[in-house]
Trainee: 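Have a look at this one.
Each ligand, and each atom within it, is numbered from 1 in the order the structure gives.
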Amino acid sequence: MLKGKRIILGISGGISAYKSAELCRRLKKEDAEVIVVMTQAGMKFITPLTMETLSENEVVTELFPQGKKVGARHISLARWADLIIVAPATYNLIGKISSGIADDILTTVISSTKAPVLLAPAMNVNMYENPICQENIEKLKKTGYRFIEPGVGDLACGEVGRGRMAEPEQIKNVILKLLAGKKDLTGRSILVTASRTEEPIDSVRVLTNPSTGKMGYALAEEAFERGAKVTLISGPSNLATAYGITLIRVRTAGDMHKAVKNYYGKSDVLIMCAAVSDFTPQIIYPGKIKKEKAGLDLKLKPTADILKQMGRRKGKKILVGFAIETRDELRNAKLKLKEKNLDLVVVNNPEKEGAGFGVDTNIATVIDKNGKIEKLPLMSKRELAEKIVGRIIKLLKK
Ligand code: C5P
């Protein structure tokens with residue numbers, strides 16, 4: 001499936017470099033042409049000989065190799081590539097790229113390419129969760145770099161947590177999708193809502209929920225990569241969107257309602273993934289409410305059910321809703337599907353481990369309007385996004 005595609009496999013210095021050999025093999029099996037570019041630290045973990053044998057190409061390790069005419073080799077490599085995958089991408093390498101440092105052959109090639117760059121981070125959990133690393137990742141995502149999230153599990157350093165490099169097969173599948181994937185949403189406009197809303201109580205307090213936006217952002221990215229024009233209406237979130245997605249930031253349920261109404265007309269699909277507040281304070285107190293010993297009664301009024309309203313003027317659009325249920329999941333989700341006139345409802349129970357707010361994984365059940373129920377196992381939110389977008393594509397073809 002990758003015949004004629006030219007891939008640079010960058011290897012920086014992490015123990016997961018042993019998996020890069022397998023990744024190289026798998027890319028070659030798909031008939032890709034692969035050139036491996038290694039950092040000095042990368043070569044401490046796996047030899048250039050191994051990579052040369054597997055890639056069937058000379059391995060590039062030096063910015064200034066002795067005795068060779070170099071010219072602008074980093075530029076010709078950068079131009080040659082249809083895609084660059086760096087696996088493993090270490091804390092140091094991610095930091096260097098995000099700071100604009102290009103002091104070895106790999107970072108120099110990356111800095112001068114126009115090809116998509118994929119990074120598969122691998123490191124100790126504390127390094128990965130270090131706010132500096134997370135900030136670097138967010139910054140790179142905004143600039144268009146694509147990350148393949150590390151998994152959770154035993155790490156080579158003896159600790160347990162997030163930091164294991166994604167498996168070669170998973171990385172290969174992302175590459176396949178990017179280079180050989182069908183752009184089956186080309187020409188379609190998809191509107192996605194994500195994250196939470198915040199309803200002000202006074203000038204310093206809000207009524208909200210823990211939704212971070214991970215599921216909605218994953219859906220927006222998946223639809224974008226499959227060729228759709230994507231507008232993402234997001235409540236407060238620290239996440240970055242891929243370059244090319246139109247991001248509209250909102251705060252309250254009222255703001256989100258207005259934004260959805262604005263974009264709904266031009267959309268073929270609405271995926272309402274945001275955890276919209278069902279209530280908002282009747283009045284917003286000016287300034288900060290003083291601490292009262294006797295307590296405080298807040299009067300709340302319901303917000304508009306955005307999805308239900310859009311369901312009333314559905315036309316030929318595809319509508320997808322999300323439902324968070326802690327009991328009677330299927331029954332309640334089916335009721336919502338009917339009441340809001342949806343094509344699909346995705347239900348999850350945040351009380352299950354690995355599902356719900358803030359985590360990178362989810363356990364969901366997808367129900368369609370004919371009552372067909374698809375129970376999905378634990379998977380990353382990105383994988384779930386792939387499944388949901390796949391279902392939407394089928395519905396659009398009908
Ligand atoms: O009825 P419930 O709030 O559980 O339904 C959840 C679905 O409805 C989600 O898709 C959510 O985005 C949407 N919703 C909405 N407007 C609200 C509340 C929820 O569109 N005010």
Side-chain angles (χ1 to χ4, degrees), residues 190-200 206-220 223 230-237 239 248-265 267 269-282 300-314 317-352 355-358 362 364-369 381 384-385 387-389 391-392 395:
I190 303 211
L191 184 57
V192 183
T193 66
S195 192
R196 58 191 179 269
T197 59
E198 275 182 8
E199 311 302 318
V206 294
L207 187 69
T208 189
N209 64 67
S211 176
T212 53
K214 284 186 173 166
M215 190 66 236
Y217 280 60
L219 283 159
V230 178
T231 305
L232 174 62
I233 301 176
S234 172
S237 171
L239 301 177
I248 314 287
R249 289 202 181 278
V250 295
R251 187 179 183 209
T252 64
D255 298 340
M256 187 167 276
H257 193 187
K258 266 188 224 145
V260 170
K261 275 198 283 187
N262 258 344
Y263 288 91
Y264 186 62
S267 307
V269 179
L270 167 64
I271 311 177
M272 196 72 206
C273 183
V276 185
S277 179
D278 292 324
F279 298 98
T280 191
Q282 266 185 8
L300 304 176
K301 60 178 181 190
T303 55
D305 190 322
I306 306 170
L307 191 52
K308 198 169 170 182
Q309 290 202 9
M310 299 306 124
R312 288 194 189 123
R313 46 192 189 98
K314 182 169 177 286
K317 296 184 200 298
I318 304 294
L319 285 195
V320 181
F322 274 71
I324 292 174
E325 302 291 345
T326 50
R327 64 179 76 114
D328 276 342
E329 291 166 50
L330 296 186
R331 200 170 65 92
N332 287 331
K334 278 187 197 162
L335 282 176
K336 260 169 219 180
L337 184 102
K338 243 195 161 154
E339 186 191 79
K340 304 192 190 206
N341 198 13
L342 308 179
D343 294 278
L344 290 179
V345 67
V346 183
V347 57
N348 64 275
N349 179 350
E351 288 179 354
K352 281 191 196 157
F357 299 125
N362 211 343
T365 300
V366 183
I367 309 175
D368 70 16
K369 66 177 172 195
K381 286 186 173 166
L384 179 57
K387 300 243 179 242
I388 296 168
V389 171
R391 293 286 294 266
I392 292 171
L395 289 169

Trainee: Below 4.0 angstrom from a heavy atom of Ser277, which ligand 1 atoms are there? Numbered from 1 as shown, please.
Mentor: 21 (N)
Trainee: Should you measure from each heavy atom of Ala304, which atoms of ligand 1 turn up under 4.0 Å away?
Mentor: 16 (N), 17 (C), 21 (N)
Trainee: Specify the closest pair of heavy atoms between Gly235 and Met256, including all atoms of both residues, with the distance to one decimal.
Mentor: N-CE, 3.8 Å
Trainee: Which ligand 1 atoms, with their elements, are less than 4.0 angstrom from a heavy-atom of Gly321?
Mentor: 10 (O)
Trainee: Working to the nearest 0.5 angstrom, can you tell me the gap between Asn348 CG and Asn362 CG?
Mentor: 4.5 Å
Trainee: For atom 10 (O) of ligand 1, find the nearest protein heavy atom and state the residue, atom name and distance (0.1 Å precision).
Mentor: Met272 O, 2.6 Å
Trainee: So which bit of Asp278 gets within less than 4.0 Å of ligand 1, heavy atoms only: side chain, backbone, both or neither?
Mentor: side chain
Trainee: Out of Ser211, Ala274, Ala253, Gly254, indicate the one that has the non-hydrogen atom closest to atom 12 (O) of ligand 1.
Mentor: Ala274
Trainee: Under 4.0 Å, counting heavy atoms only: does Ala323 come that close to any atom of ligand 1?
Mentor: no
Trainee: Using a cut-off of 6.0 Å, state whether more than 12 heavy atoms not belonging to Lys314 lie near its atom NZ.
Mentor: yes
Trainee: Can you list the atoms of ligand 1 that are under 4.0 Å from a heavy atom of Thr303?
Mentor: 21 (N)
Trainee: Which of these, Val260, Leu307, Val276, Thr197, has its nearest heavy atom closest to atom 20 (O) of ligand 1?
Mentor: Leu307
Trainee: Relative to atom 8 (O) of ligand 1, which among Lys308, Met256, Glu339, Lys340 owns the nearest non-hydrogen atom?
Mentor: Lys340
Trainee: If you count every heavy atom of other residues, nucleotides or ligands that lies below 6.0 Å from Tyr263 atom OH, does the total exceed 12?
Mentor: no
Trainee: Indicate yes or no: at least one non-hydrogen side-chain atom of Arg391 is less than 4.5 angstrom from one of Leu344.
Mentor: yes
Trainee: Closest non-hydrogen protein atom to atom 4 (O) of ligand 1, residue and atom name please, with distance?
Mentor: Lys336 NZ, 2.4 Å
Trainee: Backbone N or O of Ala253 within a donor-acceptor pair of the Glu199 side chain at under 3.5 Å?
Mentor: yes
Trainee: For atom 9 (C) of ligand 1, grab the closest protein heavy atom and report residue, atom and distance to one decimal in Å.
Mentor: Phe322 O, 3.0 Å
Trainee: Got the closest protein heavy atom to atom 16 (N) of ligand 1, with its distance?
Mentor: Ile306 N, 3.0 Å
